[in-house]
Structures are given as structure tokens and as C-alpha cells.
Amino acid sequence: MDRVFSGIQPTGDMHLGNYLGALRNWVRMQTQYECLYCVVDLHAITLWQEPADLSKHILEVTAGLVASGLDPKTNIIFNQSRVSAHAELAWVFNCVARLGWLNRMTQFKDKAGKNRENASVGLYAYPNLMAADILAYKATHVPVGEDQKQHLELARDIAQKFNNDYGVEHFPQPEPVIQGPATRVMSLRDGTKKMSKSDPSEASRITMTDSADDIAQKIRRAKTDMEPLPDSAKGLEARPEAANLIGIYAALSDTSADAVCQKFAGAQFSAFKEALTELAVASLAPIGTKMADLMKNQDYLDEILIDGANRARAIAEPILAETYKIVGLRR
Ligand code: TRP
């Protein structure tokens, strides 16, 4: 049985990068697989979060998932901390994964920065929790962005070492489903940096709750170069900002960068930006409006999360119990 698991952190406003990079693919997968989509609040606290903001962001991300088109009845939408199997299995995996494996994780190095000694132990063990997220459900398919590939490989190594150490065929090898090429959305201010919630410049990202005016203004101000649009995607080499805007247009209209270049060949960026604004507003504004509506009904959002957690628990608990039994724990 194929089962999809993916996670999103509730650490700030959801943006176009989340939408094109993750949510749209999640929506596509919902008709083909049994899907669990998890708001990974335990991952969020590996970096300090203001408690009131965290609480709000958990609901906001839930609203974003639903507003993007995920059906909370067919999918299991829940927040991680409500299902204790994640934290419990993560502990077992803390005892399976080796220090040497975690020392190689590039995201830890990036996030911890120079002050490694002062990073939380949770940030270091983050990939073990991610492995637990996936394997608590024996998920087989994991849609993730390029930046999470290394963590997924670690999850596969953990599954394999667990199976070898205990001489069982308990955990499957989860497959990454790397999302299409146009899905790596970059900062509007710097085409070499990923669009990110943590970028201090708000102008660097389009959030899912931006008004039509905000979207227009951010696209108008987006960094470009002096050249007109090329006639094929080849002409985007070494033009990261141009490539990003054209990639966004291609993703939003479900075509290739090549097709977008052909359509706008020779045009100035000012004209292209107008077309991009129209497209971005048409795609995002309805989702933003729906999110705002859903945020007015927080009880409904909590109901979705509680119901999702109950259904998630029903899958994860027997797998955790079996895991404990394999390890030799009495419970
Ligand atoms: N680490 C992922 C990210 O930052 C989020 C995540 C947590 C995740 N657990 C997961 C993704 C399990 C896929 C599967 O994007």
C-alpha cells in the first residue's frame, strides 16, 4: 500500500515558495494516495518560537492547507505534537542514528551557523524526528524539496539500520518524490537565495495572504537585470532573477520556462511583470481570501486537526507498539 507523508513547519507566513514547492503537489497527490499532511510544530521549536505566534501559525498553516485545496476528509491533516508516536519513535531513532551521520547534515550547519555550541540539541536531532514522522506511518512516498533530500536519505539509513540491527523487515525504505524543477522559488530580492519565511526582507517573498496590491508591488519591485526576455530558457543561464520570475510564471500557468520565454521573447521585464502580476493575483488571491475566512473560524480548524490526529494515531500506535516489541521493551 502506498502512503504519502509530508510536513510543513508553522514558523511564519506561508508564501509562494511553499505553495508552488509543496502545497500544489500535495493537492495533486491527494487523489492518488492515502496522504498524511502534518504541521510539524515539534520541529518548529528547534528554534525559539514566541508561544502566541506559534499557536497562531499552527492554525494559519492549517488554513493554508485547506484553502489550497486539500480535503480534510480524504487526507489526514494534523499537527505533530498531538500524536505522541512522533516523539516516542524519535527517541528510538536517537539510539539508532549515529553521531557521524548527523554531523554530515548540511542543514544543521546552515541553521546553527558559527555558534554551533549554542544550537539546541533538538536542532541537531531534527532529522531523527523527521525520520520518525515518516516511519511512524511506514510511509512509502515523501514529497519534499531538494533541500530535504539529505534528511530523507538519513531516514532510509535509519530504517535500514533498525531492520539490520534487529533482524527484521519492519520499516520500509521511503522514497523521496522530488518536486518539479520550477518549484524552487527564489527570493524576489536575490535570485540565488531560496524564498524563505526567515528572510528579514518582506519584499523578498509573496505570502499567501498578500493583497492584490501587495503582490503587484512586490513583483514590480522584484530584482531583474537590464536585458529583455530571451526566446528560450537557455538564455536564462547566469540570470538568476530573470530565471526565477519566468520559473514562477511557468509554474503558475503549468507550462515550461521554455514556453514562457517563447511567449514573451524580446519583451521588457516591465511588461512581463504586469502579466506575472495578473497571473499571481488570479492564482493566489482566492486562496488568501479563503485562508482569511477560515481563520475567522478557529474552532473549525482545531476540529480538523483533532480529527486528523485521531486518524493518524490509529495508524501510528500499532506501528510504534510493534517497534517497542521488536526492541524488547515491555509496554
Ligand atoms: N523538514 C521539513 C522541512 O523543513 C519538514 C518536515 C518535517 C518533513 N517532517 C517531515 C517533510 C517529514 C517531509 C516528511 O521542509
Side-chain angles (χ1 to χ4, degrees), residues 2-26 29 33-47 49 54 57-58 61-62 64-65 70 75-83 85-90 93-94 97 102 105-112 120 122-159 171-179 183-185 194-199 205 308 312 315-316 319:
D2 287 337
R3 184 176 281 155
V4 167
F5 184 100
S6 199
I8 182 165
Q9 291 205 44
T11 46
D13 291 334
M14 292 171 99
H15 54 69
L16 187 63
N18 301 124
Y19 179 65
L20 291 177
L23 302 188
R24 249 179 21 148
N25 294 291
W26 294 11
M29 294 182 102
Y33 298 98
E34 178 189 20
C35 300
L36 294 115
Y37 294 126
C38 185
V39 181
V40 290
D41 47 11
L42 296 176
H43 275 104
I45 59 169
T46 57
L47 299 174
Q49 304 296 322
L54 177 60
H57 286 145
I58 293 168
V61 169
T62 307
L65 299 183
L70 289 178
N75 303 289
I76 300 182
I77 297 175
F78 69 110
N79 59 314
Q80 191 181 26
S81 60
R82 277 206 167 99
V83 180
H86 293 248
E88 292 185 61
L89 190 59
F93 290 169
N94 283 343
L102 288 173
M105 295 295 115
T106 56
Q107 186 172 297
F108 175 75
K109 289 178 201 165
D110 292 345
K111 286 199 180 177
S120 73
L123 187 66
Y124 186 72
Y126 176 116
N128 293 346
L129 178 59
M130 180 163 161
D133 296 340
I134 299 163
L135 295 170
Y137 304 92
K138 297 191 176 180
T140 52
H141 293 72
V142 184
V144 281
E146 281 287 336
D147 62 322
Q148 295 298 315
K149 247 171 95 172
Q150 195 185 32
H151 289 163
L152 208 76
E153 270 154 31
L154 187 90
R156 293 164 63 88
D157 289 344
I158 289 175
F171 290 118
Q173 288 278 293
E175 297 285 341
V177 182
I178 299 294
Q179 300 158 349
T183 55
R184 202 168 142 78
V185 179
K194 211 173 109 162
M195 185 176 282
S196 159
K197 314 178 208 209
S198 52
D199 193 315
R205 60 185 166 267
I315 303 172
I319 295 172

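Heavy atoms only: backbone and side chains are in, while hydrogens, waters and symmetry mates are out. When a ligand or atom number is given, it counts from 1 through the structure's own listing order. Note that the structure is a prediction, hence the values are computed from the model and not measured. Along the sequence shown, the residues carry numbers beginning at 1.
Going from atom CG of Leu16 over to atom CZ of Arg205 covers 12.0 Å, rounded to the nearest 0.5 Å. From Leu65, atom CG reaches atom CE of Met14 across 5.0 Å, with rounding to the nearest 0.5 Å.
For atom 11 (C) of ligand 1, the nearest protein heavy atom (residue, atom name, distance) is Gly7 N, 3.4 Å. Summary of contacts: the protein heavy atom closest to atom 9 (N) of ligand 1 is Asp133 OD2, 2.7 Å. Protein heavy atom nearest atom 12 (C) of ligand 1, with residue, atom name and distance: Phe5 CE2, 3.5 Å.
The shortest N/O to N/O separation between Gln107 and ligand 1 does not fall below 3.5 Å. For ligand 1, the polar-atom distance check against Tyr126 finds a nitrogen or oxygen pair separated by under 3.5 Å. Residue His151 has no nitrogen or oxygen atom sitting less than 3.5 Å from a nitrogen or oxygen atom of ligand 1, judged on distance alone.
Taking every heavy atom of both residues into account, Met29 and Val4 meet most closely at CE-CG2, 3.9 Å.
Applying the 4.0 Å criterion to heavy atoms of Val142 picks out, from ligand 1, the atoms 13 (C), 14 (C). Applying the 4.0 Å criterion to heavy atoms of Val40 picks out, from ligand 1, the atoms 7 (C), 9 (N). Atom numbering of ligand 1 starts at 1 in the shown order; those under 4.0 Å from a heavy atom of Gln9 are 4 (O).
Ring planes of His151 and Tyr126: tilted class, angle from 30 to 60°.
Proximity of Leu129 to ligand 1, defined as any heavy-atom pair under 4.0 Å, is not found for any part of the residue. Residue Val144 touches ligand 1 through its side chain alone, judged by heavy-atom distances below 4.0 Å.
Every residue meeting the ring-ring contact (aromatic ring centres under 6.0 Å, His included) condition with Phe78, not counting sequence neighbours, appears here in chain and number order: His86. With sequence neighbours excluded, no residue forms a side chain to side chain donor-acceptor pair (under 3.5 Å) with Tyr33.
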Test side-chain contact (heavy atoms from CB on, under 4.5 Å) on Leu152 and Ile134 and set out the steps.
CA-CA 9 Å; Leu152 208 76; Ile134 299 163; 3.5 Å; yes
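For the pair Gln173 (side chain) and Arg156 (backbone), a donor-acceptor distance under 3.5 Å is present.
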